[in-house]
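Take a look at the structure below.
Scope of the values below: all heavy atoms of this structure, side chains included, with no hydrogens, waters or symmetry mates. Position 1 is the first residue of the sequence, and the numbers go up from there.
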Amino acid sequence: MNAIWGGMLLTGIVYGILTGRADAVAEAVLSSAKEGVSLCVTMFGVMALWSGLMEIAKEAGLIRAVTGRLRPVMRFLFPRIPKDHPALEHIAANCAANVLGLGSASTVYGLKAMEALEELEEERRRDERSKKEQVSEEDIGHKAVPVKESEGSNGINETGQRQKRKRIPCKVVPRGTASSEMCTFLILNISSLQLIPVNIIAYRTQYGSVNPTAVVGPGIVATAVSTGVAVVFCKAMESRA
């Protein structure tokens, strides 16, 4: 992305100079810089307001209450996450911020959710290793059990139990690879349903829109469709895993 944007800027500047519009390029650079600072100040105030409200909601226990209300949805979307795991609370907070259209304010909860999911996956890796070590010890014990000659071809020992290596289903991913929950969370985060696109309304207000809230209805429809497609896609891929 840096190369793309840098190339576009350089192309525009070079073209402006070659076509004798260097003054227009300089004026555009100065006015854009001023406009960028003004937009940053506006968005800083909006983000600070909603980030503060989210922190108050968290300290007041509202986020935990929302997590409880969303528990059936969370269990459907993330069936492998333990019901009391901290990742669910972070995911719920991120989803709530995205529903309110607070893309920037939801970033901190998204990062915490990914960290919690990585810790959960690391716990699964440790459990997987311990199970494999336990199976290896049991296999060594089974090899020491004598097998009757008349039944040796069938692999049945004296107790009548068939000797088979226990297979442990592979439910974990290698370190450095995104887990199924991480992929699902990322896709839902990108396609999140938005009821109040606060950032877009702030942008439209900054640029003098006559009706800044006109995007609310189309935004709800568009994000509802994208979220529905995302859920179907995640469940389809999960069933194939």
Over all atoms of both residues, closest heavy-atom pair of Ser191 and Ser226: O-OG, 3.1 Å
Under the 4.5 Å side-chain heavy-atom rule for ILVMFWY, direct or indirect, which residues accompany Val29? Ile13, Ile17, Val25
Test side-chain contact (heavy atoms from CB on, under 4.5 Å) on Arg80 and Arg124 and set out the steps. CA-CA 11 Å; Arg80 295 178 57 205; Arg124 292 171 179 169; 3.1 Å; yes
Residues at least two apart in sequence or cross-chain that pass side chain to side chain donor-acceptor pair (under 3.5 Å) with Glu122, listed by chain then number, are Arg125, Arg175
Could you list all the salt bridge (Lys or Arg N to Asp or Glu O under 4.0 Å) pairs where at least one residue sits in residues 221-234, not counting sequence neighbours? none
Suppose we screen for salt bridge (Lys or Arg N to Asp or Glu O under 4.0 Å). Which residues come up paired with Glu123, at least two apart in sequence or across chains? none
Please report the interatomic distance OG(Ser130) to CZ(Arg126), rounded to the nearest 0.5 Å. 10.0 Å
Excluding sequence neighbours, so at least two apart, what forms side-chain contact (heavy atoms from CB on, under 4.5 Å) with Thr11? none
Pro82 vs Leu120 side-chain heavy atoms within contact, under 4.5 Å: yes
Taking side-chain contact (heavy atoms from CB on, under 4.5 Å) as the test, write out the residues that go with Ala224, two or more places apart. Leu193
Looking at Ser192 and Asn189, would you say the former's side chain and the latter's main chain have a donor-acceptor pair under 3.5 Å? no
For the student: nearest non-hydrogen atoms of Phe185 and Met114, plus distance: CD2-SD, 3.6 Å
Check Ile91, Ile81, Leu186 against Glu181 for a side chain to side chain contact (heavy atoms under 4.5 Å, CB included) and give me the one that passes. Ile81
Report the distance from atom NZ of Lys112 to atom CD of Glu115, rounding to the nearest 0.5 Å. 8.5 Å
Holding to side-chain contact (heavy atoms from CB on, under 4.5 Å), I want the full list of residues that pass it with Arg75, two or more places apart in sequence or in another chain. Arg71, Lys83
For residues 212-223, tabulate all N or O donor-acceptor pairs below 3.5 Å that involve a side-chain atom, not counting sequence neighbours.
unit_1: Thr213; atom_1: OG1; unit_2: Asn211; atom_2: OD1; d: 3.2
unit_1: Thr223; atom_1: OG1; unit_2: Gln194; atom_2: N; d: 3.1
unit_1: Thr223; atom_1: OG1; unit_2: Gly219; atom_2: O; d: 2.7
unit_1: Thr223; atom_1: OG1; unit_2: Ile220; atom_2: O; d: 3.3

Does any pair with a residue in residues 204-229 pass salt bridge (Lys or Arg N to Asp or Glu O under 4.0 Å), and if so which ones, sequence neighbours excluded? none
Smallest heavy-atom separation, Tyr109 atom then Asn94 atom, equals CB-N, 3.8 Å
Donor-acceptor check, side chain of Ser209 to backbone of Thr205, threshold 3.5 angstrom: yes or no? no
Holding to side-chain contact (heavy atoms from CB on, under 4.5 Å), I want the full list of residues that pass it with Leu77, two or more places apart in sequence or in another chain. Val73, Leu188, Val231
Would Glu238 and Lys235 count as a salt bridge (Lys or Arg N to Asp or Glu O under 4.0 Å) if you check the C-alpha gap in whole Å, the side-chain angles of each, and the deciding distance to 0.1 Å? CA-CA 5 Å; Glu238 182 180 317; Lys235 286 301 174 181; 3.5 Å; yes
Approximate separation, where rounding is to 0.5 Å, of Glu89 CD and Met74 CE: 10.5 Å
State, to 0.1 Å, how close His85 and Ala116 come at their nearest heavy-atom pair, and which atoms those are. CE1-O, 3.5 Å
Listed by chain and number, what are the side chain to side chain donor-acceptor pair (under 3.5 Å) partners of Ser38, not counting sequence neighbours? Gln206
When rounded to the nearest 0.5 angstrom, what distance separates CG in Leu88 from SG in Cys95? 10.5 Å
